[in-house]
Amino acid sequence: MDLYSQIDADIKAAMLAKDKVRLQALRGIKKEFIEGKTAPGANGELSDEAATKILVKMAKQRRESARIYTEQNRPELAATEIAECEVIEAYLPKALSDEELTAELTKIIAETGASSHAEMGKVMGVATKRLAGRADGRAISAKVRELLSK
């Protein structure tokens with residue numbers, strides 16, 4: 001079952017369970033998926049890779065909103081954003097641990113033959129594609145910088 005079909009089935013389950021927060025998050029996901037399907041060049045299809053990118057973006061938006069609401073002393077709104085973020089993250093691949101990220105990036109650096117900070121872009125291009133949805137871009141960048149400085 002592809003991700004789009006899974007979201008559809010989970011929307012029905014959330015409606016039956018009367019889980020408002022989950023239903024709101026799932027409807028938001030479905031809206032973004034539909035927009036992704038109808039975007040120019042999508043040919044009415046949404047690959048799981050494209051769907052994962054959408055989910056990563058949505059989770060990042062929710063975390064940022066929660067941070068802003070917390071700073072503005074609006075804990076009730078922050079709690080809603082965090083709850084929606086948790087629903088979204090349930091559909092993402094398992095995040096890499098620090099050790100796993102280091103191992104993956106070491107392999108990528110070896111593959112690309114990078115040896116200095118000047119070649120960081122080469123490594124980042126491969127790493128962001130290969131590790132999409134499993135590691136944050138900032139974490140990848142920081143780790144690549146650390147590994148290339150050794």
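Side-chain contact between K94 and E89 is absent, with no heavy atoms from C-beta onward closer than 4.5 Å. Using a 4.5 Å cut-off on side-chain heavy atoms (C-beta onward), R145 and S149 make no contact. Taking 4.5 Å as the limit, every side-chain heavy atom of P75 sits out of range of all side-chain heavy atoms of T70. Annotation: side chain of L26 is in contact with side chain of Y91 (closest heavy-atom distance under 4.5 Å). K60 is not listed as a side-chain neighbour of C85, based on a closest heavy-atom distance of 4.5 Å or more.
Looking at every heavy atom in both residues, G137 comes nearest to M124 through O-CE, 4.2 Å. Taking each heavy atom of L101 and A139 in turn, the nearest pair found is CD2-O, 4.1 Å. Nearest heavy-atom pair, L148 versus S116, reported as atom, atom and distance to 0.1 Å: CD1-O, 3.4 Å.
The CZ atom of R63 sits 11.0 Å away from the CD1 atom of I82 when rounded to the nearest 0.5 Å. The line from CG of L23 to CD1 of I11 is 7.0 Å long, rounded to the nearest 0.5 Å. Atom CD1 of residue I108 and atom CD1 of residue I140 lie 7.5 Å apart, to the nearest 0.5 angstrom. Rounding to the nearest 0.5 Å gives a distance of 8.0 Å between OG1 of T38 and CD1 of I34. Between atom NZ of residue K57 and atom CD1 of residue I88 there is a gap of 11.5 Å, rounded to the nearest 0.5 Å. In this structure, E35 CD and I54 CD1 are separated by 8.5 Å, a value rounded to the nearest 0.5 Å.
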| Given the rule in the side chain to side chain contact (heavy atoms under 4.5 Å, CB included) test, do D8 and F33 qualify, once you have shown the distances and angles that lead to the verdict? | CA-CA 11 Å; D8 260 348; F33 281 3; over 6 Å; no
| request: Give the C-alpha distance, both sets of side-chain angles, the deciding distance and a yes or no for salt bridge (Lys or Arg N to Asp or Glu O under 4.0 Å) between R27 and E84. | output: CA-CA 11 Å; R27 283 181 171 160; E84 284 188 25; over 6 Å; no
| query | Given E76 and R74, is the salt bridge (Lys or Arg N to Asp or Glu O under 4.0 Å) satisfied, shown in steps? | reply | CA-CA 6 Å; E76 69 284 355; R74 299 293 308 267; 2.9 Å; yes
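A salt bridge links K143 to D98: at least one charged side-chain nitrogen sits closer than 4.0 Å to a carboxylate oxygen. In summary, R67 and E71 engage in a salt bridge, as defined by a charged side-chain N under 4.0 Å from a carboxylate O.
L96 and V56 fall into different hydrophobic clusters, defined by Ile, Leu, Val, Met, Phe, Trp and Tyr side-chain heavy atoms under 4.5 Å apart, directly or through other members. The hydrophobic cluster containing M58 does not contain I68, counting ILVMFWY residues as joined when their side-chain heavy atoms lie under 4.5 angstrom apart, directly or transitively. L55 and L131 fall into different hydrophobic clusters, where Ile, Leu, Val, Met, Phe, Trp and Tyr are joined by side-chain heavy atoms under 4.5 Å apart, directly or via other members.
Looking only at distances, no side-chain donor or acceptor of E32 sits under 3.5 Å from a matching main-chain atom of I29.
Remark: E146 pairs with no residue by the side chain to side chain donor-acceptor pair (under 3.5 Å) rule, at least two apart or across chains.
Residue pairs meeting the salt bridge (Lys or Arg N to Asp or Glu O under 4.0 Å) criterion with at least one partner in residues 109-132, sequence neighbours excluded, are E111-R130, E119-K122.
The number of heavy atoms from other shown groups lying within 6.0 Å of CD (E45) does not exceed 12.
Side-chain contact annotation: D2 with S5, donor-acceptor N/O pair under 3.5 Å present. Counted by atom type alone, Q6 and D10 present one or more donor-acceptor pairs between their side chains at under 3.5 Å.
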